[in-house]
Structure formats: structure tokens, C-alpha cells
Amino acid sequence: MNLQFVVDGLLTGSIIGLGAIGVTLTYSILRFSNFAHGEFIAWGAYAALAASTLLGWMAGGNVSAIAPFSFGWTLIAATVIAVLLTGLLALALDYLLFRRLRRRANTITAVMASFGASMALRSLLEFIFTSSPTYFSKKLQIAQKLGLGVRATPDQMILIVMTGILVLSIHLLLTRTQTGRSMRAVSENPDLARVAGIDVGRIVNITWMIGGGLACFAGVMVGLLVQIRPYMGFDLLLPLFAAAILGGIGSIPGALLGGLIVGLAEAFAVQTVGAEWRAAVAFVLLIAVLLVRPAGIMGGKA
């Protein structure tokens, strides 16, 4: 059997896993499923594209790619800027919409409002940038042989490494810092955390910033590996929630593991039964796991 699906699955799973971390953080701390999270992926990709274009223009348009990758320093700097902007977008959405609903409405209302916010953000993105797909770079890369019939481009390899670094950083933040301990306390019991002197509002803001930033990086990954378009986040929305549930709501390693499982299942389905079955195979796997372990693979673990 051709093992190329492993690399493809790891890449797809890394993208899904990063988005799923934001989903599971939002659910754990804010107690609702944010269906606008997929739009943070798309907005992050377009923010990085706009920032990269602006930086390239300021540099006189003469920006060379950093060998052996397809991108230059402008995209690296633009990604940092876009991560911040996407985090601020998530924060603004909470301030304008979700914060008020948390005080006056129930969870179902917040979930339905997130559907509306998702459509509004997607339509606004399409209005600004049109529905035509675009790219960070059109430079062709030659895939390198890794053995066992597996090939990967330098872009693919560095993105997998960066995903691992990001997930490890988030895990260390949650387990080794005071902010992380505060986030876990708020996740367990917001009222008790507030009584203990934890600034719950600050923790909520940090959660939105982290979720938005990770979604942005996932969007940049999609833009580098495939293309950038307004519906890119919407297409990933169901896999994001599948990964978060599969790994166990509230577990950061679980969200990544769930993403990798979904990504590998989709890639394996494409190779064996056809691309039209990729989503079905992933969700059959999700149902099978939940029948055995309803809490998810790592449910309840931080």
C-alpha cells in the first residue's frame, strides 16, 4: 500500500487539530459551541495575505523566497501580524455579541447567534475579497523522498514541525503557568474561580485570543498547501467539531489527536474508496469511538 496518505493525513490533521483546540477551549471555558470559529480560519488567511502583500509593497516588491521554501520573510512577519489581528477579531466578536448573550440569554441562543455571525463574517469576507481563490505563492516545489514511497515538500515538513511546536507551547501554557492554571480553574467552575480571586473576564479574553490565533495559523497552512477562499473555514467546520469531540472536549492533546485521526481517516479514504467518501469515513470513525468511549479518547484531561 502507498503510504503517501500518511503525510497527507498528518497535514490535514494538523490543520484540523489547531482549529479544534480553539473549539475545545471555547467550549470548556465559555460553555457554548462557537460555529463562527471556522471563519477565523478564513479571516486569518486573508489577513496574512493582505499583510504580506503590504509588506512586499513596502519592500519594493523584491522579496525572495527563503530556500527551500516557497515563501519569504514577508509571509512570516505577516503571519505574526495576522495572528494578532485574528485574535482581536475574536475578541471583538465576543465584546459585540457573545458577552451580552452570556448575561441575558441561554446557551442555545448563543449557538444560534454564532451561526448568524459565521454567515455575516463569511459574506463580508466574500464582499471584500470576492469569491475567487488566491494564493500566498504560486512557486512550484519538488517533493522530496522520505522513504517507503512517501514524499513531502519543504513547506509541508516545516508546517508539521510548527504545528507540534504550537501545540506543545499551548500545553505548557495550560499546565506550567499561572495563567494556564487560572484557565483550567475557570473551566472547572467559573463562579468558584471568581471567588478565589481569578479575573474571569481576563481569562475569557485570553481564550478568545488563543483560539483566534491558532485558527489564523491553520488558515495560513491551508493557504500555503491549497488555496485561500472565503469558504475555506466553513468547509473545515464539521471536521473541527468532530476532532474536538473525538479527542475529548477540554483536552488540548485530545483535540490534536482527534484532528490527526480525522485527517488520516480522510486521507486513507481518498486513497482507498474515493474522495467523495472522505467526510463519511471520518464521521463513521467518530461515531464508532463515541459508542465505545462517549467522553472521547482523552475526555476530561487537560
Side-chain angles (χ1 to χ4, degrees), residues 12-45 83 86-87 89-91 93-94 97-98 101-102 107-108 110-119 121-122 163 166-167 170-171 173-174 183-184 186-187 203-222 232-263 266 279 282-283 285-286 289-290 294-302:
T12 303
S14 296
I15 294 169
I16 295 172
L18 287 176
I21 290 174
V23 169
T24 200
L25 279 176
T26 302
Y27 186 88
S28 297
I29 293 180
L30 302 178
R31 300 297 194 278
F32 85 100
S33 301
N34 177 24
F35 286 92
H37 192 80
E39 308 315 314
F40 297 155
I41 294 176
W43 274 85
V83 164
T86 309
L89 171 65
L91 207 57
L93 188 62
D94 178 60
L97 180 62
F98 297 128
L101 291 177
R102 285 199 299 273
T107 302
I108 298 298
V111 171
M112 297 307 297
S114 72
F115 269 114
S118 173
M119 289 186 288
L121 288 171
R122 188 164 58 250
T163 299
L166 283 173
V167 173
I170 296 299
H171 180 68
L173 170 69
L174 291 176
M183 291 176 70
R184 296 167 69 185
V186 173
S187 175
I203 297 302
V204 169
N205 292 342
I206 291 174
T207 301
W208 282 111
M209 290 291 293
I210 292 175
L214 291 175
C216 173
F217 192 83
V220 173
M221 287 181 67
V222 176
M232 59 191 289
F234 178 76
D235 293 341
L236 286 169
L237 188 60
L238 288 180
L240 296 186
F241 278 91
I245 295 170
L246 183 61
I249 291 294
S251 171
I252 301 302
L256 179 63
L257 179 60
L260 292 176
I261 292 174
V262 171
E266 290 187 355
F283 281 95
L285 179 63
L286 169 65
V289 171
L290 292 182
I297 297 173
M298 301 181 70
K301 297 179 181 180

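Basis for what follows: all heavy atoms, side chains included, without hydrogens, waters or symmetry-related copies.
Side chain of T12 to main chain of G263: no donor-acceptor pair is present (N/O by atom type, distance under 3.5 Å, no hydrogens or angles). For the pair T26 (side chain) and G22 (backbone), a donor-acceptor distance under 3.5 Å is present. With hydrogens and angles disregarded, no donor-acceptor distance shorter than 3.5 Å links the side chain of T24 to the backbone of A20.
The closest side-chain heavy-atom distance from L93 to L121 is below 4.5 Å. Looking only at side-chain heavy atoms (C-beta outward), I16 and L256 stay at 4.5 Å or farther from each other. P253 places none of its side-chain heavy atoms less than 4.5 Å from the side chain of V167.
Enclosure of atom OH in Y27 is not indicated, since only 12 or fewer non-hydrogen atoms of other residues, nucleotides or ligands lie within 6.0 angstrom.
For the residue pair G219 and M232, the shortest heavy atom distance occurs at O-CE, 3.5 Å. Scanning both residues, A113 and L101, for their nearest heavy atoms gives CB-CD1, 3.4 Å. Taking every heavy atom of both residues into account, A243 and G259 meet most closely at CB-N, 3.4 Å. In this structure, C216 and V83 approach most closely via the heavy-atom pair SG-N, 3.5 Å. In plain terms, the two heavy atoms of G233 and A42 that are nearest each other are N-CB, 4.2 Å. Contact record, T86 with G44: OG1-CA, 3.2 Å, taken as the closest heavy-atom pair.
The side chain to side chain contact (heavy atoms under 4.5 Å, CB included) check on A110 picks up F32, with sequence neighbours excluded.
To the nearest 0.5 Å, atoms CD1 (I170) and CG (L25) are separated by 7.5 Å. Residue W208 holds its CH2 atom at 5.5 Å from CZ of F40, rounded to the nearest 0.5 Å. The distance from atom CG of L236 to atom CG of L18, rounded to the nearest 0.5 Å, is 11.0 Å. The distance from atom OG of S28 to atom CZ of R184, rounded to the nearest 0.5 Å, is 11.5 Å. The CG atom of D94 lies 12.0 Å from the CE atom of M209; values are rounded to the nearest 0.5 Å. In this structure, OG1 in T207 is found 6.0 Å from CG in L30, a value given to the nearest 0.5 Å.
Residue pairs that meet the side chain to side chain donor-acceptor pair (under 3.5 Å) test with at least one member in residues 232-249, sequence neighbours left out, are R229-D235. Annotation: side chain to side chain donor-acceptor pair (under 3.5 Å) contacts involving residues 30-43, sequence neighbours excluded, comprise E39-S118, E39-R122.
Here the rule is side chain to side chain contact (heavy atoms under 4.5 Å, CB included) with L173, and of I252, I210, I206 only I210 fits it.
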